[in-house]
Amino acid sequence: MRKPPGLSIPNVLSPEGLLLCAVSILMQIAGGADYPTVPPGAVITAAAGLIVLFVSSRYIVILGLLVAAFITFGAFAAPDTAEHLAEPGEFLVFLGSVVQIAALAVAVIGGLVATVRAFRRSPAVTPR
């Protein structure tokens with residue numbers, strides 16, 4: 001039986017990126033960006049980040065990667081992201097968007113590395 005992944009750097013970067021993404025959405029809301037009353041992106045990324053951070057399983061790291069990839073796709077598919085980045089005068093909205101993109105990049109890369117490490121085959125043990 002394989003030991004579940006510990007708190008290596010990729011295993012910490014993925015949930016921290018997701019949690020920072022949730023904070024960045026709250027920054028955008030504080031700056032006046034139009035979001036629903038309960039922003040689903042913030043709730044999803046915060047919940048997934050906490051689960052990936054506190055649940056020790058080699059399969060949980062996939063959750064962090066999938067959520068980060070899903071939110072990244074949604075952020076770039078939404079026309080609001082381009083509008084937020086085009087208006088640096090609305091400082092909190094602009095800064096929140098920049099932080100969100102950086103946090104998602106960290107979460108995707110960290111989640112990808114953590115997933116590859118979690119499922120990499122260990123070298124075969126040869127009996128003596």
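We number each residue from 1, following the sequence as shown.
Between G49 and P15 the shortest heavy-atom distance is O-CB, 3.2 Å.
Among residues two or more places apart in sequence or in another chain, the side chain to side chain contact (heavy atoms under 4.5 Å, CB included) test is passed with I60 by I51, V52, V55, S57. Here L13 pairs with I9, V106 under the side chain to side chain contact (heavy atoms under 4.5 Å, CB included) rule; sequence neighbours left out. Every residue meeting the side chain to side chain contact (heavy atoms under 4.5 Å, CB included) condition with V43, not counting sequence neighbours, appears here in chain and number order: V38.
No chain of hydrophobic side-chain contacts below 4.5 Å, direct or via other Ile, Leu, Val, Met, Phe, Trp or Tyr residues, connects F70 to L65. No chain of hydrophobic side-chain contacts below 4.5 Å, direct or via other Ile, Leu, Val, Met, Phe, Trp or Tyr residues, connects L50 to I71.
Distance check: L63 CG to T115 OG1 gives 9.5 Å after rounding to the nearest 0.5 Å. One distance of note links CD1 of I62 with CZ of F119; it measures 3.5 Å at 0.5 Å rounding. Rounding to the nearest 0.5 Å places OG of S97 at 11.0 Å from CD of E87.
Using a 4.5 Å cut-off between side-chain heavy atoms of Ile, Leu, Val, Met, Phe, Trp and Tyr, V93 forms no hydrophobic cluster with any other residue.
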For residues 17-31, which side-chain donor-acceptor pairs fall under 3.5 Å, sequence neighbours excluded?
residue: S24; atom: OG; partner: C21; partner atom: O; Å: 2.6
residue: Q28; atom: OE1; partner: Y35; partner atom: OH; Å: 2.6
residue: Q28; atom: NE2; partner: G96; partner atom: O; Å: 3.2
residue: Q28; atom: NE2; partner: Q100; partner atom: OE1; Å: 2.9

